[in-house]
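For reference, the structure discussed in these notes is given below.
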Amino acid sequence: MNHASMLAKAADRYPDRPAISVGTTIVHTYGVLARRTAGLAAALRRDCGLQVGDRVAIVAKNCAEYLEAMYGCWWAGLAAVPVNAKLHPKEIAFILANSGTRVVIATPELADAVRSVTDETPSVERVVSTESAAYRDMVASDPMDYEPVPPEALAWLFYTSGTTGRPKGAMLTHRNLTVTVMNYFSDVDGIEPEDCMIHCAPMSHGSGIYALPHIARAANNVVPESGGYGVAETLELIAHWPGATFFFAPTMITRLITSELIAEADLTNLKTIVYGGAPMYLADTKRALDILGPKIVQIYGQGEAPMTITGLGKRVYRDREHPRWEAAIASAGYPRTDVEVRIVDDAGIPQPFGEVGEIICRGDIVMAGYWDNPTATATSLKDGWLWTGDVGVMDPDGLVTLKDRSKDMIISGGTNIYPREIEEILLTHPAVLECAVVGRPHPDWGEEVVAFVVPREGTSPTEADLDALCLENIARFKRPKLYRIVSALQKNNYGKILKTALREDLAKRPVK
């Protein structure tokens with residue numbers, strides 16, 4: 001089933017309900033949104049010459065056009081490639097080239113960034129700004145019926161960086177997206193047409209995924225006027241819109257509950273905050289419950305199984321009399337309704353309860369594989385199971401607790417950062433002999449990036465030189481916040497750098 005059919009049904013039943021709003025202003029009803037989406041789909045197929053299965057990238061900050069662009073792709077039988085708006089143009093170029101994207105829909109400032117790297121993106125035939133006359137003509141085109149596609153057809157190509165330093169495109173099918181929606185209703189929350197989803201977090205990631213169940217139930221999707229997250233603006237939107245749901249990184253919750261504005265805020269309309277992307281400290285969880293009430297839901301997933309491996313619902317947070325309540329709210333939750341989860345050793349043998357191992361899962365939520373990367377697919381998908389690369393433990397009740405990340409991933413502000421990608425950039429500097437990038441605990445962001453650098457003999461690379469190199473090649477949020485110039489890196493007997501020792505050393509040093 002084409003996932004766009006959910007928008008079509010919502011529009012048939014609730015044509016006059018608000019579909020997209022910006023700030024406190026309704027921009028489109030469901031009837032209008034479906035009409036514009038069908039027009040955009042027709043233009044992509046007819047005027048741009050795209051065929052079923054072709055890729056269209058959305059390189060945009062949160063905006064009213066985001067969802068019509070995404071659903072326009074699906075309506076036409078195309079695959080959407082949502083791209084993180086914070087990426088460096090060179091990183092964007094890789095995704096566009098790797099995916100074979102033919103058309104890019106972008107907000108104006110990002111459209112210019114895409115055009116600046118067209119020499120590196122030979123497949124791109126057209127870049128359309130969301131504020132251009134061309135885009136307005138496209139959404140006003142004569143509409144087409146949504147394209148019938150099989151459930152296994154590619155819908156969303158989600159690029160998630162890997163330990164090799166190159167992003168990998170997780171292939172999410174129409175079945176994956178539909179199962180995500182149904183699982184939300186089963187394990188996270190019910191949704192009514194009078195409710196809304198307020199998109200403070202990027203719509204290219206989790207917030208965009210959670211737009212899907214809200215569209216399926218004809219609820220309002222609200223984009224802050226700023227396009228992002230600010231405590232004052234968020235509280236104003238909560239006061240205005242009923243049934244408000246958010247997807248937050250833990251750091252966003254912390255900023256909310258520690259703000260001096262929270263004491264006088266009207267939280268009557270706050271329905272749910274779903275959080276994920278990183279662990280939240282137990283003390284912060286308790287404080288959030290005290291201030292917000294039992295309105296939080298935790299999810300654990302990854303791009304390869306979007307938002308849907310384990311979860312912790314409101315009922316668990318409310319049950320303070322449970323003998324293991326603190327352990328529960330400090331965990332990653334229970335396996336989702338239609339997902340199997342196991343803790344296994346390196347050979348894939350299930351571990352006894354209480355024993356640490358890698359978390360693997362299977363179900364209709366798991367991706368079809370990595371785009372044009374059979375080697376990575378074979379590593380991550382084995383006999384139908386997704387090997388997450390995360391290490392954890394399961395208790396007899398099925399509660400899963402994360403222990404470590406076997407891929408050395410850094411999570412800063414809820415965003416995944418992979419050290420190898422940064423290390424490869426640093427190693428291109430002629431004065432750098434060796435380097436190692438690790439995460440250091442940070443009270444606000446969870447972790448911050450730190451680079452240990454061994455200079456070549458007779459050279460003295462400066463922090464400014466290294467910072468400039470990173471800023472020229474990777475997104476600003478990935479660059480190290482601290483560079484430590486050292487004479488050598490601690491290694492084991494096999495020559496492997498001991499990143500654990502580096503992290504332990506950093507943990508002893510206060511964050512400035």
Side-chain angles (χ1 to χ4, degrees), residues 21-25 61-62 188-189 191-192 194-203 205-207 210-211 214 219-299 311-320 325-326 328-331 333 411-415 441-448 477 511:
S21 299
V22 175
T24 58
T25 302
K61 297 180 179 179
N62 289 1
V188 178
D189 229 351
I191 300 173
E192 299 296 334
E194 296 77 21
D195 294 335
C196 71
M197 177 80 186
I198 301 179
H199 296 282
C200 298
M203 296 171 78
H205 294 72
S207 202
Y210 278 168
H214 283 79
N220 191 8
N221 286 271
V222 180
V223 179
E225 288 190 14
S226 68
Y229 179 60
V231 171
E233 184 179 27
T234 297
L235 291 174
E236 290 171 2
L237 292 174
I238 291 173
H240 182 82
W241 295 108
T245 290
F246 299 83
F247 174 71
F248 278 177
T251 54
M252 297 168 75
I253 298 180
T254 302
R255 285 177 59 188
L256 181 67
I257 62 177
T258 57
S259 169
E260 60 184 15
L261 299 174
I262 196 72
E264 303 299 326
D266 179 3
L267 300 176
T268 306
N269 287 334
L270 178 61
K271 180 182 178 183
T272 304
I273 295 178
V274 184
Y275 74 93
M280 191 156 75
Y281 294 118
L282 179 60
D284 290 335
T285 301
K286 288 182 175 181
R287 185 172 184 182
L289 291 169
D290 291 340
I291 294 173
L292 306 174
K295 297 182 179 182
I296 61 176
V297 175
Q298 183 191 185
I299 59 92
L312 210 59
K314 294 177 184 177
R315 180 176 181 177
V316 177
Y317 289 103
R318 286 195 301 264
D319 189 13
R320 290 176 179 255
W325 181 71
E326 286 196 356
I329 66 171
S331 75
I411 302 180
S412 182
T415 300
H442 191 281
D444 295 324
W445 300 105
E447 291 181 292
E448 64 177 4
F477 71 89
V511 179

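Every heavy atom of this structure was used, including side-chain atoms; hydrogens, water molecules and symmetry mates were not.
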#### Entry: Main-chain N/O of S331 paired to Q298 side chain as donor or acceptor, under 3.5 Å
yes

### Task
Scan residues 281-297 for pairs that pass salt bridge (Lys or Arg N to Asp or Glu O under 4.0 Å), counting only residues two or more places apart or in two chains.
K286-E326, D290-R320

### Message
Can you give me the closest heavy-atom contact between A201 and S207, atom names plus distance?
### Response
O-CB, 3.4 Å

### Query
Short question: side chain of N221, backbone of M197 - any donor-acceptor pair under 3.5 Å?
no

### Task
Of all the heavy-atom pairs spanning F248 and C200, show the shortest one and how long it is.
CE2-CB, 4.1 Å

### Query
How long is the gap from CG on L237 to NE2 on H199, to the nearest 0.5 Å?
11.5 Å

### Query
Is there any side chain to side chain donor-acceptor pair (under 3.5 Å) pair reaching into residues 246-265, and which pairs are they, with sequence neighbours excluded?
none

### Query
Would you say N62's side chain and G228's backbone share a donor-acceptor pair under 3.5 angstrom?
no

## Note on the structure
Minimal heavy-atom distance between L312 and A328, with the atoms involved, is CD2-O, 3.1 Å

## Note on the structure
When rounded to the nearest 0.5 Å, the distance separating CG of L256 from CD1 of I238 is 6.0 Å

### Task
Only counting residues at least two apart or in another chain, list the ones meeting side chain to side chain donor-acceptor pair (under 3.5 Å) with K271.
D195

### Task
Determine, step by step, whether D189 and V297 satisfy the side-chain contact (heavy atoms from CB on, under 4.5 Å) criterion, reporting the C-alpha distance in whole Å, the side-chain angles of both residues, the deciding distance to 0.1 Å, and the verdict.
CA-CA 9 Å; D189 229 351; V297 175; 5.8 Å; no

### Taking every non-hydrogen atom, the tightest pair across A249 and G413
CB-O, 3.6 Å

### Message
Show the nearest heavy-atom pair for residues I291 and I262, with the distance to one decimal.
### Response
CG2-CG1, 3.6 Å

### Query
What pairs with Y229 under side chain to side chain donor-acceptor pair (under 3.5 Å), at least two apart in sequence or on another chain?
none

### Message
With side chain to side chain donor-acceptor pair (under 3.5 Å) as the rule and sequence neighbours excluded, what pairs involving residues 230-245 come up?
### Response
S226-E233

### Non-hydrogen atoms of L235 and A265 that approach each other most closely
CD2-CB, 3.8 Å

### Task
Could you tell me which residues satisfy side chain to side chain donor-acceptor pair (under 3.5 Å) with T415, sequence neighbours excluded, listed by chain and number?
none

### Task
Measure the CD1-OH distance between I299 and Y210 for me, rounded to the nearest 0.5 Å.
4.5 Å

### Message
Keeping W325 on the side-chain end and R318 on the backbone end, is there a donor-acceptor pair under 3.5 Å?
### Response
no

### Task
If the plane angle is over 60° it's perpendicular, under 30° parallel, otherwise tilted; pick one for Y275 and Y317.
tilted

